[in-house]
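Just below is one structure, and these are the notes that go with it.
A quick note: this is a predicted structure, and the numbers were derived from the prediction, not measured. No hydrogens, no waters, no symmetry mates; every other heavy atom, side chains included, goes into these values. Each chain gets a letter, A, B and so on, in the order its sequence line appears, and its residues count up from 1.
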Amino acid sequence: MDLSHFPPIAERLIAWQKQHGRHDLPWQNTTDPYAIWVSEIMLQQTQVAAVIGYYQKFMQRFPTIASLAAASQEDVMQHWSGLGYYSRARNLHKAAQIMMAEHQGVFPRDFEAIQALPGIGRSTAAAISSFAFGLPQPILDGNVKRVFARYFLVDGWPGQPSVEKKLWQIAERMQPQTAMGTYAQALMDLGATVCVRSRPRCANCPLQEDCGALSMDRVSELPASKPRKTIPEKTVQMLVMTHGNRVLLQKRPDSGIWGGLWSLPELELGQDSQAWGKQTMGLDGHAPASLMRLTHVFTHFKLHITANHMPVAALPLQAQEPGWHWMPLDVAIDAALPVPVRKILQALAAQQHGAASAKQRQLALV
DNA sequence: AAGCCGGGGAT
DNA sequence: ATCCCAGGCTT
């Protein structure tokens, strides 16, 4: 690829960053590789605004590699609950334990060693290397892909391997050998605040004089968007079994959707709740009551959930199956749950609270 | 190369 | 309703 007719951009970007970039995010103004690592993992496929609160709580609870490595998976997952892509949390936890066992509890400084840790790919390893250690490794996240696709007129969807390969080559060619952290931050900040997806602010861009897409009037069509397919839809029934103030939850396996989180038992749509409770748990449930319906959209499918509430009067011993847990409702709501499950339990809590208040009012009248 | 893995912000 | 976000891992 011939990039010779493009002037170097690093110096302009670095100068722009010092004046117009972001400087006060919670994970900036530190060279602690642990803090930078945690932020980079949280920021994978997740916007800055969504991360800030999670980051602060996570760092307060797990301030060091050692504290994270020593924590239970349950504790780690609880601090990730709601953020999505839960393999990130499991890999973060696992990588901390690897660092304790194989790197003397110190974050490795070698680029290959960093990238070898679970959950850290080339771009994340490069970001950590630049910010924490000043290594000249190019990053290539969504922001950088957009900036380069426009500036260098790269056609095709950046998720396509052939297109991504071109973009990595550009990233390598543009990579400066000084001020690596500032340069990486400049690319991200330019993409996040100026070279945004829709209606970019080209008049404020330090690269406007020689941007390929701007000169060709192709800014709005680059980068090419992902070819979209219709996603399948699934319907499930989630059963909320309660005994007194406790609710039955099931720990999901690490692999698959919502891995490592607590969830509700799932039945097929027409499946009979009472029969299911009797067969799998040996429980006699009351007639199930419709609690709520909701639709949850994932990247690759849409899930229609019907939540039914079935109280059980007695709890025989065979109801204590491994992997299942009768959890007090107030505890369950703060556990590591998927978002729709938390919504269902909150609806149940609201309903029970309402019923309790009604009873109180009734008693007050007597 | 394509699929899997979440939840939310922006438009 | 659609796109995409400081992507990586598995098949």
Please determine, for the side chain of [X], which listed nucleotide ([options]) has the closest atom?
X: A:S198; options: B:dT11, B:dG7, B:dG6; answer: B:dT11
X: A:V339; options: B:dG6, B:dG8, B:dA2; answer: B:dG8
X: A:P340; options: B:dG7, B:dG8, B:dT11; answer: B:dG7

Exercise for review: Check whether any side-chain nitrogen or oxygen of A:H296 sits under 4.0 Å from OP1 or OP2 of B:dG6, and answer yes or no.
Suggested key: no
Exercise for review: Check whether any side-chain N or O of A:Y85 sits under 4.0 Å from OP1 or OP2 of B:dC4, and answer yes or no.
Suggested key: no
Exercise for review: Using the P atom as the reference point in each nucleotide, state the distance between C:dA6 and B:dT11 in Å, no decimals.
Suggested key: 13 Å
Exercise for review: Rounded to whole angstrom, note down the P distance from B:dG6 over to C:dT11.
Suggested key: 15 Å
Practice item. For DNA chain C, note the earliest and the latest nucleotide, 5' to 3', having some atom under 4.0 Å of a heavy atom belonging to chain A. Key: C:dT2 to C:dC9
Practice item. Spell out, yes or no, whether A:V144 and A:L222 are grouped together once hydrophobic residues are joined by side-chain heavy atoms under 4.5 Å, including indirect joins. Key: no
Exercise for review: Report which part of the nucleic acid A:K229 touches: base, sugar-phosphate, or nothing (heavy-atom distance under 4.0 Å, all strands).
Suggested key: sugar-phosphate
Check your understanding: Base, sugar-phosphate, or nothing: which does A:L83 touch, judged by heavy atoms less than 4.0 Å apart?
Key -> base
Check your understanding: Is the gap between the ring centers of A:F298 and A:F301 under 6.0 Å?
Key -> yes
Practice item. Report the residues that fulfil salt bridge (Lys or Arg N to Asp or Glu O under 4.0 Å) with A:K251, sequence neighbours left out, ordered by chain and then residue number. Key: A:E74
Review point. Is the shortest distance from a Lys or Arg side-chain nitrogen in A:E11 or A:K18 to a carboxylate oxygen in the other one below 4.0 Å?
Key: no
